[in-house]
Number of protein chains: 2
Amino acid sequence: MYATGEGETVADAEYVNIWMRPERPARGPKPVYSRAQITEAAVRIADAEGLEAATMRRIAAEVGAGTMSLYRYVPSRDNLVELMADRLMGEIDVTGMPSGDWRADLTRYADGLRAMWLRHPWIATVQRSLPSFGPNQLLLIEALMGVLDAFVSIDENLGLMAMLHGYIEGTVREEISSAEEIRRSGLSESEWMARSYPYVDRLVKSGEYPIFTKIVMEARQPHLSRDDQFRYGLQRVLDCIAAALPSTAESPMPAHREGREEQDGPGAGS
Amino acid sequence: MYATGEGETVADAEYVNIWMRPERPARGPKPVYSRAQITEAAVRIADAEGLEAATMRRIAAEVGAGTMSLYRYVPSRDNLVELMADRLMGEIDVTGMPSGDWRADLTRYADGLRAMWLRHPWIATVQRSLPSFGPNQLLLIEALMGVLDAFVSIDENLGLMAMLHGYIEGTVREEISSAEEIRRSGLSESEWMARSYPYVDRLVKSGEYPIFTKIVMEARQPHLSRDDQFRYGLQRVLDCIAAALPSTAESPMPAHREGREEQDGPGAGS
DNA sequence: CTCCACTGGGTACGTTGTACGCGGTTGCGG
DNA sequence: CCGCAACCGCGTACAACGTACCCAGTGGAG
């Protein structure tokens, strides 16, 4: 993004995107490193210290290479981030996914995606993760869209998946953001809570925000765990999808779903 | 983020967050500019050229001030972005919002939020928009949570709103990302399509991605408009919320909803 | 063998956020 | 009224960033 003026490198213009650019051009000395190795190192750093810590110099140091050597493998940092994002997609297990039980499939996908995001919170700051269409992303699309493909039109499928995906992403983003803010500040969670107390207190005392106050107050008593909250909302989304499906798409009986006890609505004290 | 070492400025440590720091400390010459004015200029630049174009120097130039003058009003660029995000929240009209018709309220909110995001696509790249709790954000929370407050517990309300919010954000994010990629590349839409054709073509010809192929092929024939897609999914989400509400929460009859014709499911050719 | 496309990597530049300090201005205590 | 501390706008300076450019070495094709 820096110093590129408004033109682009010849190398950039030569290929449509990262996935079209061959890793090994052959003819010449054997490369010492590899894209996968560099991507791996970058992910490791981003996991530990955040995406902004994964600078080209830092990554090169982690790999044991010179900074500029990375550019033999990756045209730009932005493209490297794309590589990282797609690598993360590969962590989600969707093997054998149109299994016949669409509800189980989508639940597995949702849990997998959420777990991956929680392992790599920095992915939330990467906006172009969707339209990149890297290999792992494509595999995911194939598997996921395949789950309902037999039951609904492509358009409807896209709509429903957008809803599911939106729910997962939105929820996890919220889960991440406060944790990420705490990590950035370098404080411990309790220190952070203590520091932000005066602000919350002022809002509550002002009396202008009754519902915010209610949230804060009830937050003191034990809530549902994050996991349960997520699963509750997910069940709602799946119910919603079920309603959009023809009756021929009936999922096997709930009891079949590995004996997990049925979710109650949250707010048992209601 | 640069050159800050690992300590933080005294001024930063003095206040919990941006909202606690007073704009006018009084005692001294009158400030020539204002936070609102600076925020406005920054939003204008971000709208026109993307968030990354809104550098401190550029914003200062837009305002007509010296670069470092901005730091008299805002402690850091990150905080300015927070200000910008909250200003955007203020664009969403939620006046008189627990109106009695929760379905109409939530629809209005959803449309408003989506329209705002489409006006300011760069908001998608700001991850910390949620836990910031600026004044406009708080107003939104009050109005939005108030809609279902009478019907469900706080926990359940939070869950349902997370679902709604997740759907809106996820969907709009997808709408934005391709448009944003095109803008970044500086190409026109048709140029961009032409440039990425070889990649899509290779994927299709490989035969490994049947569903991706199906999507691409069907994309050639007229789809539902973005608006209709959004509204279709939104209706599904609202149905889903309706199912979670007690029967006492019945919304007025659909006919009451300003005569909008009933949405069909998409994929009429199915 | 010679070639030259390729390698890793050092140096250097433009751009960024922002710490620091200066001279001028303002409102309050005396 | 005066003086001074607190504020103002802002120029300069610096560290860290992404990366263009260049170079000396290397190894497979002819």
Side-chain angles (χ1 to χ4, degrees), chain A residues 1-14 21-35 37-38 41-42 45-46 49-82 184, chain B residues 1-14 21-35 37-38 42 45-46 49-82 84 184:
Chain A
M1 210 85 59
Y2 295 75
T4 44
E6 58 177 54
E8 38 183 42
T9 311
V10 178
D12 271 354
E14 209 157 329
R21 168 189 291 251
E23 164 145 25
R24 299 280 317 271
R27 186 70 184 281
K30 285 197 176 158
V32 179
Y33 317 107
S34 73
R35 256 187 210 175
Q37 185 185 355
I38 293 168
I45 296 170
E49 306 164 47
L51 185 61
E52 79 274 4
T55 67
M56 295 307 267
R57 287 165 230 263
R58 182 88 173 65
I59 296 166
E62 178 89 6
V63 172
T67 306
M68 292 313 291
S69 302
L70 300 187
Y71 287 92
R72 295 282 168 195
Y73 301 86
V74 166
S76 74
R77 184 176 184 272
D78 279 4
N79 279 328
L80 176 55
V81 172
E82 262 178 86
R184 272 170 168 257
Chain B
M1 211 85 56
Y2 295 75
T4 44
E6 59 177 54
E8 39 183 42
T9 310
V10 178
D12 271 354
E14 208 157 328
R21 170 189 290 251
E23 162 145 27
R24 298 279 317 272
R27 186 70 184 281
K30 285 201 175 153
V32 178
Y33 317 107
S34 73
R35 255 187 211 176
Q37 184 186 355
I38 292 168
I45 296 169
E49 306 164 47
L51 184 61
E52 80 273 5
T55 67
M56 296 306 267
R57 287 166 230 263
R58 182 88 173 65
I59 296 167
E62 178 89 5
V63 171
T67 305
M68 292 314 290
S69 302
L70 300 187
Y71 287 90
R72 294 281 171 193
Y73 300 86
V74 166
S76 74
R77 183 175 184 273
D78 280 4
N79 279 327
L80 176 54
V81 172
E82 260 178 89
M84 293 165 70
R184 271 170 168 257

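Bear in mind the structure is a predicted one, so any value in this text is a computation, not a measurement. Quick note on labels: first sequence line is chain A, next is B, and so on, each numbered from 1.
- Rounded to whole angstrom, the span from the CE atom of A:M68 across to the P atom of C:dC13 amounts to 14 Å.
- Here D:dA6 presents its P atom at 20 Å from NZ of B:K30, a figure rounded to the nearest Å.
- Residue B:A65 is classed as a sugar-phosphate contact, given heavy-atom separations below 4.0 Å to backbone atoms only.
- Using a 4.5 Å heavy-atom cutoff, the side chains of A:R72 and A:Y33 are not in contact.
- Taking atom CZ of B:R21 as the reference point, atom P of D:dC7 lies 12 Å away to the nearest angstrom.
- Residue order along DNA chain C, read from the 5' end via each residue's closest nucleotide, puts A:G66 first among A:G66 and A:R57.
- Across D:dC10, C:dG9, D:dT19, the shortest atom-to-atom separation from the side chain of B:Y33 is found for D:dC10.
- Contact annotation: B:S69 side-chain N/O to D:dC10 OP1/OP2 distance is under 4.0 Å.
- Inter-residue side-chain proximity for B:T67 and B:I59 is flagged as unmet; no heavy-atom pair is nearer than 4.5 Å.
- Protein atom CZ of A:R58 is 17 Å distant from nucleotide atom C1' of D:dG18, rounded to whole Å.
- No donor-acceptor distance shorter than 3.5 angstrom exists from the side chain of A:E62 to the backbone of A:I45, with no hydrogens or angles considered.
- Across the protein-nucleic acid pair, B:M56 atom CE and D:dA16 atom P stand 20 Å apart, rounded to whole Å.
- With rounding to whole Å, B:E52 atom CD is found 14 Å from D:dG18 atom C1'.
- When rounded to the nearest whole Å, the span between OH of B:Y71 and P of C:dA19 equals 7 Å.
- Put simply, CZ on B:R72 is 13 Å from P on C:dC20, counting in whole angstrom units.
- Checking side-chain atoms of B:R57 against main-chain N and O of B:G66 turns up no donor-acceptor pair under 3.5 Å.
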